[in-house]
Amino acid sequence: MAEEFEVRGAHEDAVDHHAEHGEPLAQKIALFSAILATLGAVVSLLGGHTEHDALYYKNEAVLLKARASDQWSYYQAEEVKRHIYLATGGNDPAAVKRAADYATKSAALRNQAEALDRQSEAADAESGHAMRPHLKLSIAMTFLQIAIALASITALTRRRWLFGAAGLAAAGGVLLATLAWL
């Protein structure tokens with residue numbers, strides 16, 4: 001009886017070695033991309049949050065400015081009435097009293113309008129403050145996306161220098177995201 005021998009080729013040995021040990025570069029790229037995707041999700045969430053806050057404060061500023069405008073219109077109407085009473089009433093005590101009443105009322109309206117203007121300016125400034133980190137977060141997200149793209153190209157081409165470029169882009173994205181909150 002003849003004994004059978006298996007003759008293995010170099011290709012079979014390479015396939016078995018790859019199955020046992022995996023591809024270290026591919027595993028690194030997969031892990032790197034997963035981490036970057038997670039960081040990207042967080043940066044995107046934070047960017048959206050800053051934009052939401054900025055829009056909220058800007059909306060508040062517009063509403064307060066509209067209320068201030070209404071108060072200024074009411075103030076002007078009261079001032080016109082006061083001047084009419086002064087111009088047509090002469091020395092009539094009733095007209096003088098009405099004009100004084102309108103002067104008191106218009107002074108209060110002026111104070112309210114000025115207060116609303118100040119509140120509107122404060123809300124507008126708060127909107128600008130809330131929006132400040134948004135640009136850095138947007139650029140950081142772009143760097144993270146570039147890093148993921150470079151890592152994907154590395155997996156396809158097996159050019160390790162691209163993985164280094166991906167690491168630099170990722171570092172830039174993380175740095176900008178960190179600076180956005182300082």
Side-chain angles (χ1 to χ4, degrees), residues 1-71 114-182:
M1 181 153 134
E3 217 176 291
E4 290 186 29
F5 291 97
E6 179 183 351
V7 178
R8 294 180 53 90
H11 175 71
E12 290 168 325
D13 288 337
V15 168
D16 287 345
H17 178 74
H18 181 70
E20 289 176 18
H21 301 292
E23 177 64 40
L25 181 62
Q27 289 174 351
K28 289 177 185 176
I29 291 171
L31 182 61
F32 181 75
S33 296
I35 290 169
L36 289 183
T38 304
L39 286 173
V42 171
V43 168
S44 180
L45 175 72
L46 293 174
H49 182 70
T50 60
E51 191 173 29
H52 173 268
D53 284 352
L55 288 173
Y56 170 80
Y57 289 118
K58 185 62 80 172
N59 188 48
E60 187 69 20
V62 169
L63 290 173
L64 287 166
K65 186 57 86 175
R67 287 182 57 203
S69 177
D70 290 346
Q71 286 300 106
E114 288 171 347
L116 288 169
D117 274 336
R118 284 190 301 276
Q119 290 173 0
S120 174
E121 290 168 5
D124 193 46
E126 189 64 33
S127 173
H129 178 72
M131 194 64 172
R132 198 164 297 129
H134 184 73
L135 178 62
K136 287 180 186 165
L137 290 171
S138 295
I139 296 170
M141 186 63 200
T142 301
F143 273 111
L144 293 175
Q145 289 171 338
I146 290 169
I148 291 171
L150 288 173
S152 298
I153 294 170
T154 302
L156 293 173
T157 64
R158 307 241 186 265
R159 300 197 188 272
R160 290 186 177 267
W161 67 269
L162 283 172
F163 198 48
L168 287 175
V174 169
L175 178 67
L176 277 172
T178 303
L179 289 175
W181 292 106
L182 294 180

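The basis for the numbers below is simple: all heavy atoms, side chains too, and nothing from hydrogens, waters or symmetry mates. The chain is numbered in sequence order, starting from 1. Since this is a predicted model, take the numbers as computed values, not measurements.
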Enquirer: Starting at CZ of R160, measure out to CG of L25 and round the result to the nearest 0.5 Å.
Expert: 4.5 Å

Enquirer: Sequence neighbours left out, what passes salt bridge (charged side-chain N to carboxylate O under 4.0 Å, His left out) with K136? Give chain and number order.
Expert: none

Enquirer: Is there any side chain to side chain donor-acceptor pair (under 3.5 Å) pair reaching into residues 141-156, and which pairs are they, with sequence neighbours excluded?
Expert: none

Enquirer: By the salt bridge (Lys or Arg N to Asp or Glu O under 4.0 Å) test, which pairs, at least two apart or in different chains, include something from residues 36-63?
Expert: K58-D124

Enquirer: Got a list of side-chain donor-acceptor pairs under 3.5 Å for residues 115-123, not counting sequence neighbours?
Expert:
unit_1	atom_1	unit_2	atom_2	d
D117	OD1	K65	NZ	3.2
D117	OD2	W72	NE1	2.8
S120	OG	A61	O	2.9

Enquirer: Mind checking the CZ-CG spacing from R67 to D70? Nearest 0.5 Å is all I need.
Expert: 9.0 Å

Enquirer: Listed by chain and number, what are the side chain to side chain contact (heavy atoms under 4.5 Å, CB included) partners of R159, not counting sequence neighbours?
Expert: T157, W161, L162

Enquirer: At their closest point, which heavy atom of I146 faces which heavy atom of A169, and how far apart are they?
Expert: CG2-CB, 4.2 Å

Enquirer: Could you list all the ring-ring contact (aromatic ring centres under 6.0 Å, His included) pairs where at least one residue sits in residues 115-142, not counting sequence neighbours?
Expert: none

Enquirer: Please find the pair of heavy atoms, one from P133 and one from A180, that lie closest to each other, and give the distance.
Expert: CB-O, 3.2 Å

Enquirer: Near F143 CZ, under 6.0 Å, is it more than 12 heavy atoms from other residues, nucleotides or ligands?
Expert: no

Enquirer: Pairs under 3.5 angstrom only: tabulate donor-acceptor contacts from the side chains of residues 32-45 to other protein residues two or more places apart or in another chain.
Expert:
unit_1	atom_1	unit_2	atom_2	d
S33	OG	I29	O	3.0
T38	OG1	A34	O	2.9

Enquirer: When rounded to the nearest 0.5 angstrom, what is the spacing between CG in L176 and CG in L144?
Expert: 9.0 Å

Enquirer: For residues A147 and A170, report the shortest heavy-atom separation together with the two atoms involved.
Expert: CB-N, 3.6 Å

